[in-house]
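What follows is a set of notes on a single structure, which appears directly below.
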Amino acid sequence: MPSRTAPVTRKGERLARPRPLSSTLVTKTVRTVDELKQLVRDYSRFEEFAFDVETVASRHVRSLQTPERKLLSRYAERTALCPSCGQPLPPRRRTYCSDVCQKAAAKDKPALDTRTNTVWCISLAGPGRSDVVPCGHPDSRRQLHRTDVFEALEPLFFSDRRKVNQNVGFDLLSISKYYDDELPPPPYGDVMTLVFLINENLGRYNLGSLSHRYLGYEYAEKLGEEAYRVEFERAMRYSITDAKMAWMLWWKISPRLTEKTRQKLAFLFDLEMDVLEVLLDMRRTGAFVDFQGFRDLHPTLVKQLNDTGAEIKQMVGHEINLNSTQQLGKYLYDELGLPCLWITETGQRSTAAAALKVLARRHKAPRKILAYKDVSKLLTVYVAGFMPHIDDDSRVRASFNQAVAKTGRLSCSAPNLQNIPARYRENTEGTMIRQLFVAPPGKVLIVADYSQIELRILAHQTKDRLLVYAYKHELDLHLQTASLIYKVPQDQVNVEQRAIAKNSNFNLAFEGGPGRIREMSGISLTEAEKVYNAWHEAYPGVKKWGKWVKRSCFERGYVETLYGRKRRLPDISSSDNRLRSYAERQAVNHPIQGTAADIAKIGIVQVHRALQGLDAALTLQIHDEFIVECAERDVDKATAKIREAMEDIRLRGRPVLDIPLEVNIGVGANWSEAK
DNA sequence: ATGGGTAGCGCG
DNA sequence: AAAGCGCGCTACCCAT
């Protein structure tokens, strides 16, 4: 294990603030160990520096094939089989059975896999200079050895200097391989996250568009992993530009963090960098799944889908692609002559589940189609689409992104672990996928989620008397709502009334209308209107607050969460009714959803800290729900610490809400069981 | 072949 | 008069 002795910082010895940036940074290519040593000495004087690594995939195709299937396909080469998963090709598919398989077979995709990629170049940038250190580009010219480079750079990376980059997490993970999987410590300075806090509406946050916007500098080179294969000088130029741009953007924008008038921004940025640390750790761990379970499920669902499909096609009487909304529409509305109740935004006749459910009363086809869609979704997204993301150690390392959701929530991709099926379903066992998220041997899963956090925030924000009352006295809010709507005592509320009240609470709170209630509860529109009116009569503070938020948004151009996370909504003053109404609903939603996101972020950082020293690790975050895998002997300690860490959320030293935060915790062998 | 837009649907 | 917001992934479809 290499030593981790960070150079002692004697405050004031380093440059307090780097000297002004010249328009052209001096750029050097490092060729010898001596030059490298000098470079490290030079950068040691800086409090913060930018860095960027270039990587290349070490591994190419991730095969979906099981050993048996591989053997089988060897003898069945003549029949059309998907080279990725080995399944027979569906009609209209040429080489791969699905886009997922095609992507899985795409060569360069795994370069993004920070566990297996190889670093072949590192560039650094600081005040007035930028340097590039090639260490593995396929060029005959002399380059430094990778091990020498990482050894020499260690005092820089493993120090309390701020490490700046665009999407710094990727680079940190990429280099951690060369330090026994240890991540360089904070502080971090992620440019993308900083810019996102300042303006969440840019759409694109890549270096090219950011440097164009903030530095007036345009560069078009988009090599990505291709950089490895281009001519040396060009590859070096490409590598250094990213570090340079990251540094210049940080230089330009980060001073805002120290402005007295922007303390909320500074708080949120520090929070995001703390969250980043947690996310990197989560990605290093990964979520353990039952790989064999997925492999077993695949053929079962394929058969189920084929059977259902064949049945429907027989009913239809001719060839039809059941995945095509157009063909489905023709069949339902032209051939069967069923009444069209909804059209889509572009005027197409809707074949969505809601429409099919209504049509099911008049014909048996729609119900079958619903069943087909159910199975199809499960198979394509959650089984076939999921398996390529499972690593060889049976773990899934998804990417949690901090600069996507404008309310400040995390988003999750490759694969998205925040939309794994959970609810009851008629045609497929709704929780079957969650059952495959299991605890590794000797461990259990702890699932902790905030109870009704958005409604609690709504109560806090609106100060509505009865909403606050319910939560302060730990009452059943849905029951209270039912009692208020139907004007009956709480002990006389029936199951159906409570269900409608529950839907009302979740929908009407965020500017939902009567139509929404009708749809969710299956009651008539007049009935739904009554509920709508009664609900707002019971909780008058909600509409009042909504009006105030819209007005304030109109005046300032933005709304914000309790922690000051802003959402700029220029459409709030649009003359287009549709646009303005949309912005108004977003304005009302943001302080709720965004505050919940802030709380969850503070919570996950506190949980991460609280679990240090225990045999327990965070693996997933699903907005208001955290999943921890934990050794059985540490479960009691862990649950207590998790609860404390999640419930004790403060703002300026005081509890963030007037009403308590409540956390539900479950323990089990798999995600479904623990919930 | 590849990219963008649309419809649809999974979650909180 | 009528009104949910926030995401990511898949397949289809049509244009380049």
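What you see is a predicted model; the values in this text were computed from it and never measured. Labels below follow one simple rule: chain letters A, B, ... track the order of the sequence lines, proteins then strands, and each chain is numbered from 1.
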Atom pair OG (Ser504(A)) and CZ (Arg516(A)), whose distance is rounded to the nearest 0.5 Å: 12.0 Å

Leu322(A) has an atom CG; how far is it from atom C1' of dT10(C), in whole Å? 15 Å

Row check, Tyr558(A) ring normal vs Arg556(A) NZ/CZ: under 6.0 Å, within 45°: yes

Whole-Å distance, Ile420(A) CD1 to dG8(C) C1', equals 11 Å

Does Asn507(A) reach a base, just sugar-phosphate, or nothing at all? Heavy atoms under 4.0 Å. base

Once Watson-Crick and G-U wobble pairs under 3.5 Å are found, how is DNA chain C written in dot-bracket notation, 5' to 3', with | for any base paired to another strand? ....||||||||||||

Taking CZ from Phe626(A) and P from dG12(B), how many angstroms apart are they, rounded to a whole number? 14 Å

Specify the closest pair of heavy atoms between Glu454(A) and Ala596(A), including all atoms of both residues, with the distance to one decimal. CG-CB, 4.2 Å

Could you go through the side-chain contact (heavy atoms from CB on, under 4.5 Å) check for Leu569(A) and Arg567(A) one step at a time? CA-CA 6 Å; Leu569(A) 293 163; Arg567(A) 177 94 196 254; 3.9 Å; yes

Across all chains, not counting sequence neighbours, the ring-ring contact (aromatic ring centres under 6.0 Å, His included) partners of Phe196(A) are Tyr205(A)

Non-neighbouring partners of Arg643(A) that pass side chain to side chain contact (heavy atoms under 4.5 Å, CB included), sequence neighbours left out: Glu647(A), Val663(A), Ile665(A)

To the nearest Å, give me how far apart CG (Leu328(A)) and P (dC13(C)) are. 11 Å

Could you state the NE2-P distance from His623(A) to dC7(C), rounded to the nearest angstrom? 10 Å

If you check the Asn416(A) side chain, which of dG12(B), dC7(C), dG8(C) turns out closest? dG8(C)

In B/S/- notation, 5' to 3', how is nucleotides 3-9 of chain B contacted by protein heavy atoms closer than 4.0 Å? ---SSBB

Just checking Trp548(A): does its CH2 atom have more than 12 heavy atoms from other residues, nucleotides or ligands closer to it than 6.0 angstrom? no

Would you please indicate yes or no on a ring centroid separation below 6.0 angstrom for Phe626(A) and His608(A)? no

Measure CZ/Phe506(A) against C1'/dC11(B) and give the value in whole Å, please. 14 Å

Ring centroids only, cut at 6.0 angstrom: are Phe386(A) and Phe294(A) within range, meaning strictly under it? yes

Is the shortest side-chain N/O distance from Arg423(A) to OP1 or OP2 of dC11(B) below 4.0 Å? yes

In whole angstroms, the gap separating P of dC7(C) from CD of Gln621(A) amounts to 14 Å

Return the OG1 to CG distance between Thr114(A) and Leu173(A), rounded to the nearest 0.5 Å. 4.0 Å

Of Pro415(A) and Thr407(A), whose nearest nucleotide on DNA chain C comes first from the 5' end? Thr407(A)

Does the side-chain hydrogen bond (donor to acceptor under 3.5 Å, both in side chains) test come out yes or no for Thr344(A) and Gln348(A), once each step is laid out? CA-CA 5 Å; Thr344(A) 65; Gln348(A) 213 192 155; 4.6 Å; no

Could you state the CD1-P distance from Ile320(A) to dC12(C), rounded to the nearest angstrom? 12 Å

So, do Leu417(A) and Val396(A) sit near enough that their side-chain heavy atoms are less than 4.5 Å apart? yes

Using a cut-off of 4.0 Å on non-hydrogen atoms, how would the nucleic acid contact of Arg580(A) be classed: base, sugar-phosphate, or nothing? nothing

Phe510(A), nearest nucleotide to its side chain (from dG4(C), dA11(C), dG10(B)): dG4(C)

Examine dG8(C): is either OP1 or OP2 under 4.0 Å from a nitrogen or oxygen in the side chain of Ser411(A)? Give yes or no. yes

Looking at DNA chain C, which of residues 587-595 of chain A put a heavy atom within less than 4.0 Å of it? Asn589(A), Gln593(A)

Is Arg567(A) close enough to dG6(C) that one of its side-chain N or O atoms is under 4.0 Å from OP1 or OP2 there? yes

Is the NZ or CZ atom of Arg295(A) positioned over Phe291(A)'s six-membered ring, under 6.0 angstrom from the centre and within 45° of the axis? yes

Look up atom OH in Tyr333(A) and atom OG in Ser350(A), then write down how far apart they are to the nearest 0.5 Å. 5.5 Å

Under-3.5 Å N/O pairs linking protein and nucleotides 1-3 of chain C:
| residue | atom | partner | partner atom | Å |
| --- | --- | --- | --- | --- |
| dA3(C) | N6 | Tyr532(A) | OH | 3.0 |

Here the gap from Leu618(A) atom CG to Ile642(A) atom CD1, rounded to the nearest 0.5 Å, amounts to 7.0 Å

